[in-house]
Structure formats: structure tokens, C-alpha cells
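Below: the structure, in C-alpha cells.
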Amino acid sequence: MKLHVVTFGCQMSAADGGELAAPLLARGFRAAQAPEDADAIVLNTCTVRQHAEDKALSLIGRLRPWKEQDSGRVLIVAGCAAERLGGWIRERFPYVDLVVGAKSIDDYPRLVEEALAAKFDALAESAAAFENIPSALDPAAPIGWSSAVVAPVTIMRGCNYSCSYCIVPSVRGREVYRPYETVLAEARAKAAAGAREILLLGQTVNSWHARGEDGRERRFPELLRAVAAIDGVARVRFESPHPYFFDDALISAISGVAGAGDHVHLPVQSGSDRALTRMRRNYSSASFLSLVERIRAARPSIELSTDIIVGFPSESEDDFSRTLELAERLRPTWTYAFKYSPREGTESAAMSDDVPADVKEERLSRLNALCDRFAEDALKARIGRTVEVLDESGGYGRTRDGLRVKWGSPARPGQLTTVLATGVAKRTLLGESQ
Ligand code: 5AD
Ligand code: SF4
């Protein structure tokens with residue numbers, strides 16, 4: 001029996017793909033090379049913007065013939081859009097075997113077992129096998145969506161923030177932190193299985209805190225240091241920090257710990273204070289830039305990337321020009337820019353979505369043109385220099401500061417390799433192994 005997992009959305013969603021696969025792998029499914037070969041498909045959906053949701057819904061529709069060709073096939077719809085639209089999905093697509101939302105991920109193994117049992121009428125004989133389902137996918141398992149070399153470790157779920165545009169708090173719930181020892185144990189296990197880079201994940205990852213077994217409270221910077229100190233771990237990254245929790249202790253951790261903080265993704269969303277207030281981001285453009293200055297003073301070579309929304313309700317040309325100005329000052333190494341998409345039930349959905357579609361489109365392309373230039377400049381600055389690359393999968397990998405690199409040489413996955421950068425193509429450095 002073959003399994004295929006399709007993931008939409010963020011890194012956390014991608015990391016959940018491992019957990020979504022685990023009960024099926026434990027039941028004997030193996031990774032399918034291609035979706036056509038699969039006997040079971042798990043769709044891990046996203047709802048952050050309408051477009052993301054539409055892509056998942058359209059795929060559920062397109063899978064109908066595949067599903068109906070063979071009654072033994074299994075279709076599971078999970079994740080954030082499943083949380084938001086569960087009942088509607090069940091009604092609209094009755095051939096889906098199981099719809100399970102992001103908040104129910106802890107119950108997921110049991111729900112899968114029930115759904116499979118209902119399907120195959122085999123609950124009794126297999127129940128015992130399900131007592132010890134790993135909380136995350138074994139990094140050594142031959143599954144294509146998470147490379148064993150770069151291993152995600154989810155350290156918290158949910159979000160206590162209430163950015164006015166964002167659906168995440170409602171589909172993922174309040175923050176829940178994984179215990180200090182559990183996170184370290186998972187990172188150690190993944191390092192022992194061959195991971196060289198650990199990617200700590202959370203919706204506002206730097207708000208993580210938890211009491212250790214000794215009763216002492218740990219905060220994120222301490223966790224970061226502890227993960228960086230694990231044998232075999234060459235790099236630690238974290239996604240996504242919220243500027244509000246980026247305190248001096250974290251700045252000092254990223255400046256002082258080798259392998260951590262060469263690149264930080266720091267979503268800003270807008271450069272207009274009026275928009276930032278209406279978004280409820282809890283910082284101004286000036287305080288954001290001053291944070292960036294402090295980070296760069298502590299770690300001058302750091303590469304920063306960001307997320308920006310254009311066309312938030314009532315965004316004027318003046319507001320947008322402040323976003324362009326902020327981008328000029330931040331000079332992000334790469335940028336994810338999005339057109340505002342109203343999400344039902346969020347605070348901003350009650351505001352009029354009054355920036356016309358063509359204006360949103362035009363602002364997006366102006367912003368992208370600017371940020372593409374920064375991205376290209378960052379890559380071109382490397383040409384003629386050697387960079388240290390972690391080989392993720394045979395001649396493809398990333399530099400310490402997150403730039404993608406391709407080079408023509410025998411694969412040595414998991415190895416740190418020196419590459420001479422010779423050119424740039426499609427946001428990737430091209431190079432030669434040294
Ligand atoms: N519309 C557009 N972009 C959004 N994001 C989150 N919610 C919305 C929305 N309603 C963007 C933010 C966030 C990223 C993951 O998605 O930039 O950082
Ligand atoms: Fe999408 Fe947000 Fe869910 Fe990630 S947390 S999958 S971005 S809705």
C-alpha cells in the first residue's frame with residue numbers, strides 16, 4: 001500500500017505532513033513515488049489566503065475519479081482549511097474518508113485508525129500497533145517531503161496573537177508549548193538519524209517558553225543554544241519569530257551561537273504605521289527598523305527575509321510608499337509578498353476590502369520588482385566567492401544564511417561542502433565544488 005502526502009501552506013504545515021503520515025506508515029503504508037501510484041492520499045490544507053484554500057478544494061474535486069476507481073483507496077483531508085470548513089467539506093465531497101482539522105492533530109492517529117477500521121473493518125487486530133505512534137515522522141523514513149538532512153522540529157502549536165487579518169489563531173487555537181526535554185529529545189534523535197540542520201517551528205516561534213523537568217522556566221534563546229549544542233547539529237534555524245518577542249537575549253543568542261542566526265525570517269507585513277496599527281502588529285515601522293539595526297549590529301553578516309501584505313483595507317498610495325521605503329531600508333534577501341485576502345471571522349474581514357483588485361496587483365508587482373532586485377543582488381554578491389553549503393540532496397543545498405545553491409558534483413547528502421559560486425539562475429546560486 002502506497003501513501004502520498006500533498007502539503008499546502010507554511011513550514012509548520014509541511015512539518016505536520018510527517019505526523020499526518022505516521023499512523024499510515026505504522027499501518028504498513030510506504031511512500032508512493034508519484035501521486036498516481038498512491039493507495040492513500042493525505043491532503044494537508046492551508047486557509048491563510050483564499051487562494052491557498054481554493055487550491056486544496058480544487059484538488060479534492062479533481063481526486064474524485066481516482067478515489068471512485070477503487071473502493072480500497074483512502075482520501076484524508078487535514079490541516080487548516082479542514083479545520084475551518086470541516087462540515088462543508090464532508091457534505092460537498094462525500095467520497096472523502098476522513099476530514100480532520102488542524103486543532104485535532106493530537107487525536108489524528110486515533111481518527112485515522114477509526115476511519116481505516118470503518119473502511120476495512122479491522123480495528124481489533126491492529127489497535128495494539130497504534131499505542132506508540134511517534135509524534136513526528138521518523139526522519140530516516142523514505143518520504144519525499146522532508147529531507148533527513150534538514151529536520152523540522154515543531155516546538156509549539158497555535159498562536160495567542162490577534163493580527164487582524166489572520167485566520168491562524170482561529171484554526172490552530174491558543175499556544176501550546178512542547179516541553180523543553182521533548183524538543184531536545186526529538187532534535188537529538190533527528191541528529192542521530194543524520195539531520196545536520198534543525199528547523200525549530202512555531203507560529204510565533206520565539207514566544208516559546210516552558211518549565212523544564214527541574215522546574216526551571218526556559219525561554220526560547222536557551223532552547224536555541226541547547227539545540228545548537230547537540231552533537232552533529234551544524235545549523236539551527238527558526239521560523240517564524242514575531243518582532244515583538246525578539247528581545248536582547250535572543251539577539252545575543254543569535255550573535256553568539258555558531259550555526260544559529262545566519263539567516264532570520266522576520267515578517268514585517270507593512271511599512272505604514274497606520275496599517276500596522278490596524279493590523280494589530282504591536283510595533284511601528286521605526287521600532288521594527290531599530291530591531292533590525294540591533295540585530296545587524298550584533299551579527300553584521302546576517303541575511304534577513306520577510307513577509308509583506310499589500311492592499312490591506314484602506315491602504316493608500318502613501319501607506320504603500322512607506323512599505324516600499326521600509327523594504328529599501330530592510331533590503332530583505334528574499335520576500336514573500338501577498339495581496340490581502342479577507343478571511344471570514346477575522347477582525348479585518350469586517351473592514352471594507354476597498355483596495356481594488358487591479359491596484360493590489362499593481363502594488364504587488366512594484367513591490368516584487370524591488371524585492372527581486374535585492375534578492376538578485378544578494379546572490380550576485382557571492383559570485384567569485386566560496387560558500388559553505390549543506391548538501392541536502394545531491395548537489396542541492398543552502399548556505400548558512402539560507403541561499404539556495406546548485407552545483408554539479410557527486411551527491412554527498414548531509415555533508416558540508418565548499419562551493420565556488422559562479423553564477424545565478426532563478427533565485428539560486430550556481431557553483432562548482434571545490
Ligand atoms: N491576506 C494576505 N496575506 C496574509 N498572510 C496572513 N494572512 C493573510 C491574509 N489574510 C500572510 C502574512 C503572513 C504569511 C504567512 O501570510 O504575510 O506572514
Ligand atoms: Fe496555512 Fe497558516 Fe495553517 Fe500554515 S498555519 S497551513 S500558513 S493557515
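This one's a predicted model, so the numbers in the text were calculated from it and none came from an experiment. Order of listing sets the numbers, starting from 1, for every ligand and every atom in it.
If you look at Trp334 and His263, their ring centroids are closer than 6.0 Å. Between His242 and Tyr161, the ring center distance clears the sub-6.0 Å criterion. Under the 6.0 Å cut-off for aromatic ring centres, His51 and Phe338 do not qualify, their centroids lying 6.0 Å or more apart.
In terms of N/O distances under 3.5 Å, ligand 1 is approached by Tyr165. For ligand 1, the polar-atom distance check finds an N/O of Ser341 within less than 3.5 Å of one of the ligand's N/O atoms.
Crowding of Tyr95 atom OH: a count of heavy atoms from other residues, nucleotides or ligands under 6.0 Å exceeding 12. Remark: Glu68 CD is packed, more than 12 non-hydrogen atoms of other residues, nucleotides or ligands lying under 6.0 Å away. The local environment of NZ in Lys67 is crowded, with over 12 non-hydrogen atoms from other residues, nucleotides or ligands closer than 6.0 Å.
Look at Cys10 and atom 1 (Fe) of ligand 2: no N/O/S atom of the residue is under 2.8 Å from the metal.
Of all atoms in ligand 1, numbered sequentially from 1 with element shown, those under 4.0 Å from a heavy atom of Arg343 are 10 (N). The atoms of ligand 1 that sit less than 4.0 Å from any heavy atom of Phe338 are 3 (N), 11 (C), 14 (C), 16 (O), 17 (O).
Taking the six-membered ring where the residue is Trp, Tyr283 and Phe288 present tilted rings, their angle falling between 30° and 60°.
The proximity of Val48 to ligand 1, defined as any non-hydrogen pair under 4.0 Å, involves the side chain as well as the backbone. The proximity of Gln269 to ligand 1, defined as any non-hydrogen pair under 4.0 Å, is limited to the side chain.
The single protein non-hydrogen atom nearest to atom 6 (S) of ligand 2 is Ser13 CB, 3.4 Å, given as residue, atom name and distance. Looking only at heavy atoms of the protein, atom 5 (N) of ligand 1 is closest to Arg49 NH1, 3.5 Å. Nearest protein heavy-atom contact of atom 5 (S) of ligand 2 is Arg172 NE, 3.2 Å. Ranking the protein heavy atoms by distance from atom 2 (C) of ligand 1 puts Lys339 O, 3.3 Å first. At the shortest separation from atom 1 (Fe) of ligand 2 among protein heavy atoms lies Cys46 SG, 2.3 Å. The nearest heavy-atom contact from the protein to atom 3 (Fe) of ligand 2 is Cys80 SG, 2.2 Å.
Here Glu303 pairs with Arg382 in a salt bridge; the nearest charged N to carboxylate O distance falls below 4.0 Å.
Proximity of Val168 to ligand 2 is established by a heavy-atom distance of less than 4.0 Å. Contact between Gln203 and ligand 2 is present, with at least one heavy atom of the residue lying under 4.0 Å from the ligand.
In this structure, Arg363 and Val355 have side chains that are in contact, with non-hydrogen atoms separated by less than 4.5 Å.
With atom 14 (C) of ligand 1 as the reference point, the heavy atom nearest to it among Thr346, Asp353, Asp307 is part of Asp307.
The side-chain tip of Arg281 does not point at the ring of Tyr244 from less than 6.0 angstrom away and within 45° of straight on.
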